[in-house]
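Worth saying up front: this structure is predicted, and the values here are computed from it rather than measured. Start at 1 with the first residue, then count along the sequence.
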Amino acid sequence: MSTRNDQHMTRGRRLSVAVLAACTAVAGLPPITAAEPPTRQGLDVAGIDRAIAPGDDFFGYANGLWVKSATIPADRSSWGPAEELTELTAQRTAQLIRQAAASAAGSEARKIGKYYSSFMDEAGIEKLGLKPVEPGLKQIDAISDRAALARAFGKMLRADVDVLNATNLHTANLFGLWVAQDLDDPSRYSPFLLQGGLGMPDRDYYLDPSPSMEQIRSSYRAHIAALLSLARLPDAQARAGRILALEQRIARAHWTREQSEQVVAGNNHWRRSEFTQRAPGLDWTAFLDAAGLSAQQEFVVWQPSAVTGISALAAGEPLETWKDYLRFHLLDGTSDFLPRAFAAEHFEFHEHVLSGTPELEARWKRAVEETNAALGEAVGKLYVARYFPPAEKARAEAMVRNLVAAFAQRLDRLEWMTSATREKAKAKLAALKVGVGYPDKWRDYSGLEVIAGDAFGNAERAKLFEYRRNLAKLGRPVDRGEWVMNPQLVNAVNLPAMNALNFPAAILQPPYFEPGRDPVMDYGAIGATIGHEISHSFDDQGALFDPSGRLKNWWTPQDLAHFRSAGARLAEQFDHYQPFPGVHVHGKQTLSENIADVAGLSVAYDGWRLTLGGKPAASSAGFSGDQLFFLSFAQSWRQTIREPALRRRIVTDGHAPDEYRADTVRNLDAWYGAFGVKPGQKLYLAPADRVRVW
């Protein structure tokens with residue numbers, strides 16, 4: 001997956017904010033101004049720092065002057081072209097949603113408008129106070145035994161696992177559910193049960209003894225106490241201490257990020273009848289009944305020892321501590337739908353402390369995010385109709401075809417790969433299903449009830465609707481055409497088990513993908529992203545799956561050994577990058593993305609050369625064609641980021657920081673010739689040390 005935004009990093013390149021246009025206002029809501037795409041196309045020559053040698057710091061050379069002048073907005077933890085494009089997309093989406101509010105009663109568009117305007121009714125939410133959560137708090141008060149506790153956990157179970165990061169679930173729910181293609185039998189869906197229960201991003205936030213993490217834990221305890229006090233619950237400090245101690249015990253049971261990404265280790269099929277024996281403590285009958293899973297006879301338990309450890313805590317920890325835990329997470333998880341004091345407190349810890357963001361986002365931005373979460377494809381339908389014309393979809397599809405062809409040619413040229421493995425790899429490439437812009441079939445939201453003025457209830461019904469939609473997949477044929485990203489998301493994804501790709505419309509627009517400019521820049525920017533996602537089907541994770549998505553070794557022993565050796569060398573390369581003294585990138589944690597970056601950039605370069613038809617590349621702005629290609633790639637990764645956010649990413653993210661992703665160029669021979677990189681320069685790698693995975 002190629003990601004870069006304030007949460008997961010969305011992929012992007014420079015976008016200038018040039019024109020402001022007022023949006024059509026809906027009664028009672030303030031207007032929003034929206035930026036339009038830049039009129040200038042091509043390379044940002046002004047952002048290049050020629051005082052830096054490309055061979056010493058290619059990210060700095062391509063982006064140095066831009067970085068020096070860039071300012072991170074107060075409501076963000078990072079800033080760059082991707083975030084600018086995300087901002088533009090949000091502004092456009094807000095306009096579309098507000099216009100939808102005037103649509104015919106009963107229409108899908110009207111439903112979108114009602115959801116958004118209900119969230120925007122801050123005065124109404126303030127007036128309701130704690131009334132929306134009072135039923136939930138009363139249900140928690142009524143828990144009197146372990147069976148009732150298990151039922152409460154089961155009722156909370158949602159399909160809230162981020163499928164893009166499903167191996168490392170961060171959720172306050174005790175477990176997460178992910179309904180996906182079974183890895184042993186690709187013809188059917190299975191429910192995947194994953195570790196959960198934490199309010200902070202990763203187990204390291206609870207267990208790392210460093211002073212910085214100790215300070216974050218202290219802030220988290222204060223945050224817990226503050227929310228309990230806002231809800232007028234007595235003895236908030238003591239309760240907060242017990243809740244934090246409980247979550248620390250849950251964290252000790254959790255698998256690490258690196259462990260969680262081991263697909264073979266995670267593929268554990270448990271029969272329903274085995275849960276009580278394998279994970280004693282939780283009343284599994286009560287839990288699964290409440291979750292609507294009583295009839296399901298088989299599950300995939302991704303982190304089995306974590307499930308066992310958490311289940312034991314369900315029986316071993318005091319019932320009152322669990323009830324306080326549930327109260328806190330009910331308040332924390334719904335804070336944006338409660339009075340502003342709750343939203344402000346949630347922001348103070350989760351964004352200010354954890355990511356360094358100084359200011360809470362404007363409510364309209366959060367309203368767009370919430371509406372996208374609840375009715376994403378319905379909103380996406382409006383977005384592509386306005387901003388993704390058929391001509392751009394066709395142009396993107398043509399680029400995809402060219403890059404797939406370039407990847408196939410690379411497979412044919414691999415000297416180390418035997419014919420037996422090459423045949424299987426090409427079969428997998430031929431079976432790859434690529435979605436461009438938006439899904440072939442739009443999701444049906446007719447069963448989701450949206451009530452004007454009921455922001456809290458709308459959100460709860462939307463989560464339950466999505467959960468039931470996922471449960472309904474069980475027993476049905478697998479739909480390889482299902483999308484996991486909204487079209488209005490600036491991102492892209494590979495689904496290894498599905499052998500499928502999603503390229504949302506929002507990333508297939510300027511500044512990555514610009515009509516009318518020299519294709520070399522498109523190939524350096526979006527072409528490398530497309531190549532990246534294609535390559536994910538053949539990275540250290542994707543290479544474990546056959547063309548149908550079955551977890552099956554299709555490699556000869558010698559080919560697999562060569563592949564793993566190349567991956568180990570790439571992991572070691574990234575281990576040497578240190579954003580802060582004593583803090584380095586985790587090469588194994590980021591290996592899948594790093595392999596895809598190297599392979600994707602190589603494929604994009606080959607694909608661009610194919611478009612030339614043997615003719616010499618044109619020069620522009622004083623740069624050769626090869627230089628334009630590599631500079632476009634490096635500028636696509638420009639970003640400035642707050643220190644807490646970068647530290648958070650080092651711990652939790654499977655992607656290396658953007659500046660090191662830009663330096664992926666050091667593994668391609670063509671880069672050395674393009675910029676005259678010589679031995680002794682910091683990024684120089686001897687030919688034998690350049691990693692050539694694909």
Is there a side chain to side chain contact (heavy atoms under 4.5 Å, CB included) between Val379 and Thr93 once you walk through the steps? CA-CA 8 Å; Val379 177; Thr93 302; 3.5 Å; yes
His576 side chain to Glu572 backbone, donor-acceptor under 3.5 Å: yes
Could you go through Asn494 and Ser537, starting from their C-alpha distance and side-chain angles, then the distance that decides it, and tell me whether this counts as side-chain hydrogen bond (donor to acceptor under 3.5 Å, both in side chains)? CA-CA 7 Å; Asn494 178 298; Ser537 288; 2.9 Å; yes
Go through His352 and Glu359 one step at a time and tell me if the side-chain hydrogen bond (donor to acceptor under 3.5 Å, both in side chains) criterion holds. CA-CA 8 Å; His352 188 195; Glu359 291 182 7; over 6 Å; no
Keeping the roles fixed (side chain from Asp202, backbone from Asp204), state whether a donor-acceptor pair exists under 3.5 Å. yes
Between Arg395 and Asp522, does any NZ, NE, NH1 or NH2 come within less than 4.0 Å of an OD or OE carboxylate oxygen? yes
Minimum side-chain heavy-atom gap Pro579-Ile650 below 4.5 Å: yes
With rounding to the nearest 0.5 angstrom, report the CG to CZ distance, Leu668 to Phe629. 7.5 Å
What's the shortest heavy-atom distance between Thr371 and Ala367, and which atoms? OG1-O, 2.7 Å
Which atoms form the tightest heavy-atom contact between Leu628 and Ala618, and what is the distance? CD1-O, 4.3 Å
Identify whether the distance between the nearest side-chain nitrogen and carboxylate oxygen of Asp658 and Arg638 falls below 4.0 Å. no
State plainly whether the residues Arg517 and Glu514 are in salt-bridge range, i.e. N to O under 4.0 Å. yes
Closest non-hydrogen atom pair, Asp49 against Gly64: CB-CA, 3.8 Å
What closest approach, in Å, do Val45 and Ala621 show between heavy atoms, and which atom pair accounts for it? CG2-CB, 4.0 Å
Measure from the side-chain N and O atoms of Tyr205 to the backbone N and O of Leu354, and report whether any donor-acceptor pair falls under 3.5 Å. no
Step-by-step salt bridge (Lys or Arg N to Asp or Glu O under 4.0 Å) determination, Arg76 to Glu83: CA-CA 9 Å; Arg76 286 192 173 270; Glu83 289 83 358; 5.8 Å; no
Less than 4.5 Å apart, any side-chain heavy atom of Phe119 and any of Arg363? yes
Does Trp694 use its side chain to pair, donor to acceptor, with the backbone of Phe538 at less than 3.5 Å? yes
Pair Met399, Phe513 - check side chain to side chain contact (heavy atoms under 4.5 Å, CB included), show working. CA-CA 11 Å; Met399 177 179 273; Phe513 193 54; 4.1 Å; yes
Would Glu214 and Arg217 count as a salt bridge (Lys or Arg N to Asp or Glu O under 4.0 Å) here? Give the steps. CA-CA 5 Å; Glu214 288 281 7; Arg217 285 192 285 275; 3.3 Å; yes
CD on Gln488 to OH on Tyr438, rounded to 0.5 Å: 14.0 Å
Is the shortest heavy-atom distance from the side chain of Met485 to the side chain of Phe503 under 4.5 Å? no
Once you round to the nearest 0.5 Å, how far does OH of Tyr605 lie from CG of Leu610? 11.5 Å
Under the ring pair (Phe, Tyr, Trp, His ring centres under 6.0 Å) test, residues paired with Tyr383 that sit two or more places apart: Tyr387
What's the spacing between Ile72 CD1 and Thr640 OG1 if we round to 0.5 Å? 4.0 Å
Decide side chain to side chain contact (heavy atoms under 4.5 Å, CB included) for Glu351 and Glu361; before the verdict, give the C-alpha distance in whole Å, the side-chain angles of both, and the deciding distance to 0.1 Å. CA-CA 10 Å; Glu351 298 300 330; Glu361 278 187 322; over 6 Å; no
Option passing side chain to side chain contact (heavy atoms under 4.5 Å, CB included) with Lys588 (candidates Arg257, Glu258, Glu261): Glu258
Tell me, with the steps shown, if Gln509 and Glu392 meet side chain to side chain contact (heavy atoms under 4.5 Å, CB included). CA-CA 8 Å; Gln509 60 182 349; Glu392 285 302 278; over 6 Å; no
One thing to verify: whether Lys682 and Asp57 come together as a salt bridge, which I'm taking to mean a side-chain N less than 4.0 angstrom from a carboxylate O. no
Can a cation-pi geometry be assigned to Arg690 and Tyr672, taking NZ or CZ under 6.0 Å from the six-membered ring centre and within 45° of the ring axis? yes
Taking the six-membered ring for Trp, are Phe58 and Trp671 closer than 6.0 Å centroid to centroid? yes
With side chain to side chain donor-acceptor pair (under 3.5 Å) as the test, pick out the partner of Gln573 among Asp689, Asn594, Asn667. Asn667
Hey, does Asn402 have a side-chain heavy atom less than 4.5 Å from the side chain of Trp608? no
Sub-3.5 Å donor-acceptor pair from the side chain of Gln95 to the main-chain atoms of Arg92, do we have one? no
Is Ser624 reaching over with its side chain to a backbone N or O of Gln627, donor-acceptor style, under 3.5 angstrom? yes
Do Arg647 and Phe580 form a cation-pi contact, if we require the NZ or CZ to be under 6.0 Å from the six-membered ring centre and within 45 degrees of the ring's axis? yes
Check whether any side-chain N or O of Arg642 sits under 3.5 Å from a backbone N or O of Ser355 as a donor-acceptor pair, and report yes or no. no
Just so I know, are the side chains of Thr86 and Thr89 near enough to count as touching, which here means a heavy-atom distance under 4.5 Å? no
With a 4.5 Å cut-off on side-chain heavy atoms, are Trp364 and Gln91 touching? yes
Is Asp626 salt-bridged to Arg609, going by a charged N under 4.0 Å from an acidic O? yes
Please check: side-chain N/O of Gln578 versus main-chain N/O of Gly582, any donor-acceptor pairing under 3.5 Å? yes
Between Glu397 and Lys393, does at least one N-O distance fall below 4.0 Å, as a salt bridge requires? yes
Just checking, any donor-acceptor pair under 3.5 angstrom between side chains of His223 and Glu345? yes
Non-hydrogen side-chain atoms of Arg666 and Val598 separated by less than 4.5 Å: no
Indicate yes or no: at least one non-hydrogen side-chain atom of Trp79 is less than 4.5 angstrom from one of Pro73. yes
Which heavy atom of Gly542 sits nearest a heavy atom of Asp539, and at what distance? N-OD1, 2.6 Å
Between NZ on residue Lys365 and CD on residue Glu370, distance to nearest 0.5 Å: 15.0 Å
For Arg648 against His350, the heavy-atom pair lying closest together: NH1-O, 3.3 Å
Any donor-acceptor pair under 3.5 Å linking the side chain of Asn502 with the backbone of Val484? yes
Look only at the side chain of Asp575 and the backbone of Gly587, and say whether a donor-acceptor pair between them is shorter than 3.5 Å. yes
Please report whether the ring centroid of Tyr220 lies less than 6.0 Å from that of Phe349. yes
Atom pair CD1 (Ile224) and OG (Ser219), whose distance is rounded to the nearest 0.5 Å: 11.0 Å
Could you check whether Phe630 and Phe633 have their ring centres less than 6.0 Å apart? no
